[in-house]
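Quick notes on the structure that follows.
Not measured: the values here are computed from a predicted model. In what follows, chains carry the letters A, B, and so on, assigned in the order in which the sequence lines appear, proteins first and then strands, with residues in each chain numbered from 1.
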There are 2 protein chains.
Amino acid sequence: MESQGFSGEQIATQCERRLSDCGIRPTGQRVRIATLLLCAPQHLSAEQILESLRASGARVSKATVYNTLNLFAERGLIRQLSVDGSRAWFDSNVDAHYHFHDTTTGALIDVPIPDVEFSRLPAPPAGTEVAGIDIVIRLRKKS
Amino acid sequence: MESQGFSGEQIATQCERRLSDCGIRPTGQRVRIATLLLCAPQHLSAEQILESLRASGARVSKATVYNTLNLFAERGLIRQLSVDGSRAWFDSNVDAHYHFHDTTTGALIDVPIPDVEFSRLPAPPAGTEVAGIDIVIRLRKKS
DNA sequence: TTCCTTGCAAAACTTTTGCATTAAA
DNA sequence: TTTAATGCAAAAGTTTTGCAAGGAA
């Protein structure tokens with residue numbers, strides 16, 4: 001769960017700073033959730049986060065996980081994805097990018113922006129402008 | 001709810017034939033749901049379909065609506081969309097196409113295939129192939 | 001103290017399932 | 001008659017909410 005030689009404690013401190021920068025009070029639970037989610041680009045469900053935190057001994061409620069994820073998403077710290085109807089996925093990579101969705105395994109894989117190029121896009125309807133483009137490339141096992 | 005001068009009854013008959021062609025027994029409820037959904041390209045939720053049928057006097061259960069929509073989707077008669085996390089939308093247009101999603105009104109608008117052109121796409125990961133591409137262009141009110 | 005956050009339980013919502021009843025072939 | 005579809009209620013899964021208790025400033 002660590003990266004580039006930083007200790008878990010140092011990552012937690014970095015996360016605290018990121019929360020503060022977003023105007024979010026860095027409470028214990030929020031820092032735990034942020035540390036889990038922001039340590040690397042990844043896609044997690046609320047349930048996975050809850051389980052992971054409890055497995056590591058933390059006392060967290062479902063309500064707090066959802067409240068926190070919604071707060072983070074609102075402040076642009078994470079992104080909520082709708083790739084299958086079953087549940088929400090929270091993406092710690094908020095840079096613009098697209099996704100592969102492996103329909104066999106359920107896995108989500110980031111597709112960097114430069115890997116997709118449009119030579120034509122429709123004009124938005126009158127009175128509207130484009131707020132963003134979501135692309136999901138569905139994958140199946142090669143036959 | 002009618003189009004091109006066809007009566008409701010004629011449309012229902014056409015729908016019956018389409019169901020039979022897909023190997024689906026054209027029961028009363030199924031024909032009603034198909035008639036509602038297939039009379040024009042549109043995006044409806046299960047709840048909207050249930051309400052609409054009941055408003056027109058039909059006796060239908062929630063279970064049947066869901067079972068029927070899942071059956072139709074499985075047989076390729078309609079397509080299930082995941083555009084917001086809140087619920088599933090059922091699209092009666094099964095030809096390949098993309099979507100505008102108006103985040104202000106919640107409306108879904110079809111984007112025909114020729115309106116989008118790629119000059120670059122990522123190669124699918126080894127062992128997989130592309131099963132389909134979903135694009136949602138999010139719209140907001142022009143500022 | 002005052003305000004915000006948390007946990008718990010319950011509620012709200014969407015979707016699925018079990019089972020007795022009904023309709024279709 | 002035989003099989004499959006329907007309705008109802010209940011269950012299951014995800015997400016939200018109300019409220020009392022706890023923590024931060």
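B:Glu117 and A:Ser119 share a donor-acceptor pair across their side chains, judged by distance under 3.5 Å alone.
C:dT16 atom P lies 13 Å from atom CG of B:Leu71, rounded to whole Å. Whole-Å rounding puts the A:Asn67 CG to C:dC8 P distance at 14 Å. Rounded to a whole Å, the CG atom of B:Leu69 is 14 Å from the P atom of C:dT14. If you take CG of A:Asn70 and C1' of C:dC4, they are 17 Å apart, rounded to a whole angstrom. Taking atom CG of A:Leu50 as the reference point, atom P of C:dT6 lies 14 Å away to the nearest angstrom. When the P atom of C:dT15 is taken as reference, atom OH of B:Tyr66 falls 4 Å away, rounded to whole Å. Here C:dT6 presents its P atom at 12 Å from CG of A:Leu53, a figure rounded to the nearest Å. Rounded to whole Å, the distance from CD on B:Glu51 to C1' on C:dT14 is 14 Å.
Contact check for B:Val116 versus A:Phe118: side-chain heavy atoms found under the 4.5 Å cut-off.
Between chain B and DNA chain D, the heavy-atom contact criterion of under 4.0 Å yields a 5' to 3' nucleotide range of D:dA4 to D:dC8.
Under 4.0 Å is where a charged nitrogen must lie from a carboxylate oxygen, and between B:Asp134 and B:Arg79 at least one such pair does. Taking a cutoff of 4.0 Å between a charged side-chain nitrogen and a carboxylate oxygen, A:Glu47 and A:Arg87 do not qualify as a salt bridge.
Ring geometry, B:His99 versus B:His43: the interplanar angle exceeds 60°, so the pair is classed perpendicular (tilted spans 30 to 60°).
Criterion: ILVMFWY side-chain heavy atoms under 4.5 Å apart, direct or through other members. Under it, A:Val136 and B:Val94 are not part of a common hydrophobic cluster.
Residue B:Ser45 is out of contact with every strand shown, counting any heavy-atom pair closer than 4.0 Å.
For B:Arg25 and B:Ala63, each mapped to the nucleotide of DNA chain C holding its nearest heavy atom, the one lying further toward the 5' end belongs to B:Ala63.
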